[in-house]
Amino acid sequence: APVHTDTGAMMYLSNFGWLDPSSKKIGSQSLIDIRKSIQDFQAFAGLNITGELDEETVETMSLPRCGVRDKIG
Amino acid sequence: HDARRRKRYALQGSRWKVKNLTYRIAKYPRLVEVLGRDRVDAEIDEAFAVWQGATDLTFTRKSTGKVHIEIRFENREHGDGDPFDGEGGTLAHAYFPVYGGDAHFDDDEKWTIKTYRGTNLFQVAAHEFGHSLGLSHSDVRDSLMAPFYRGYNPKFKLHSDDVIAIQSLYGKKTTPPPPPPRTPSPARPPNKFPITPAATSPSSGKENSKLCNDPKIDAITTMSDGNTYAFKGSEVYRLTDNGIFFGYPKKIFILFPGLPNDIDGAFTWSNDKTYFFKGSHYWRYTNMTMDASYPKSISDGFSGIPTNIDTAFVWGGNGKIYFFKGDQYWRFDPARTPPVSFGYPKPISNWNDIPNNLDAALKYSNGYTYFFKGNKYWRFNDRSFSIDTADPPFPRAVGSWWYGC
């Protein structure tokens, strides 16, 4: 799913280790968790830490990159 | 990665217990015919050399058999449960040492070598091999181990964050102290050389044996990527501060497609293009790609310059282009009309003890101009317009000072 959609962004965060792995699927993540995951990713990528899927964050998620997870559990 | 923590590298937690690692390209990219198999090999060699330059790790490429790190170009689902996603998005992934260390590249990408177009193979490979060695992603945006692709960089060098990371796993490089560098006497402290990602130790006998036995070269130049290349017969040597870059010499026709063997001279101009001369023609390259409509006749672009030159270089003293042949030299100034002023050629004896019939000449990254003939070289002092005085004096043996003999 394209990252500019919520589902796409959740997939991205999940693929690269930013969502709590204990959650079985994206839908079960509470809003607070997701907000926290977005903040963690924004801090890692050097973005403004808003907790929102703002334009800059979605743009960064669209960049070509390495497939290895950012956060190794 | 804790948001409040200072930005820096991250380790996955495993590393290799051996220092001499082997690798093999088990599956080449679909574009291998376009790129050239040997150029893909050279690009992967250089990606490993990045890490060899900062540690005592060594990397040896094998074409068959079991190796530590296997490299494959695959697309979509390729058997490891981590499918690629077509062009763009994920470019490659690699496994940490505890999981085998292999590296996979998405073969739907347009992999390219030494050009700004497409996806630069060296840059992505050097990153993935960081994972193969135990590095995780860094949140230092400019480091090699940051997860986002940053495009071709002809002047690539490891970020200090990457160096600290890899040395925290495998220690600092402890190879024997390099021979006295060829940089000038303390009177003029040497320029800070760019961190050559290569092994900076003198090369193993293999790479430089030919040059040690017969140090005469055809031409030498520092190209726009900041690296210095010596040309001899059908081969090209990439030089480090103390010897031959790991994995060289390579065939000229592979690295510089379209360029003939046994060239006469070469220089790199302020437009970042490199000009090669042979007989009555010259070739122009951007990095290692020949520009369209070349070769040309020397008279078409370098009017007033003879054919079959001995060497050509940009003099550090005035930034003009000089051509040497036999016992004469010509000064070529593209900004003047005519570019070769009246009164040229002049006798080489004007250059105070620089010999006639030179092999090569170069303005090196330390700002000095060097002249090469047979197994000797001279360093020129631009200010005094004479051969530099130093201990030991010039001429010096080129093999031990330039080729790591």
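None of the values given here were measured: they were computed from a predicted structure. Each chain gets a letter, A, B and so on, in the order its sequence line appears, and its residues count up from 1.
- Of all heavy-atom pairs between G67(A) and T90(B), the closest is CA-CG2, 3.4 Å.
- The neighbour count for K66(B) NZ, taken as heavy atoms of other residues, nucleotides or ligands under 6.0 Å away, does not exceed 12.
- In this structure, C66(A) and H131(B) approach most closely via the heavy-atom pair SG-NE2, 3.4 Å.
- Interatomic distance, L63(A) CG to R150(B) CZ, rounded to the nearest 0.5 Å: 12.0 Å.
- Partners of L11(B) according to the side chain to side chain contact (heavy atoms under 4.5 Å, CB included) rule, which considers only residues two or more places apart in sequence or in another chain, are Y9(B), L135(B), S168(B), L169(B).
- Between chain A and the residues A94(B), A146(B), G13(B), G89(B), the largest count of heavy-atom pairs under 4.5 Å involves G89(B).
- Within a 6.0 Å radius of NZ in K62(B), other residues, nucleotides and ligands contribute more than 12 heavy atoms.
- At a 4.5 Å heavy-atom cutoff, the contact between E128(B) and chain A is made by side-chain atoms alone.
- In terms of the ring pair (Phe, Tyr, Trp, His ring centres under 6.0 Å) criterion, residue partners of Y95(B) (sequence neighbours excluded) are, by chain and number, H93(B), H104(B).
- A distance of 9.5 Å separates CG in D139(B) from CG in D70(A), rounded to the nearest 0.5 Å.
- Aromatic ring pairs are classed by plane angle as parallel below 30°, tilted from 30° to 60° and perpendicular above 60°; the pair H137(B) and F44(A) is tilted.
- For the pair R65(A) and F148(B), the cation-pi test (distance below 6.0 Å, angle within 45°) is passed.
- With a threshold of 4.5 angstrom between heavy atoms, F84(B) does not approach chain A through any atom at all.
- Heavy-atom neighbours of E55(A) CD from other residues, nucleotides or ligands within 6.0 Å: at or below the threshold of 12.
- Taking each heavy atom of R69(A) and S136(B) in turn, the nearest pair found is O-OG, 4.4 Å.
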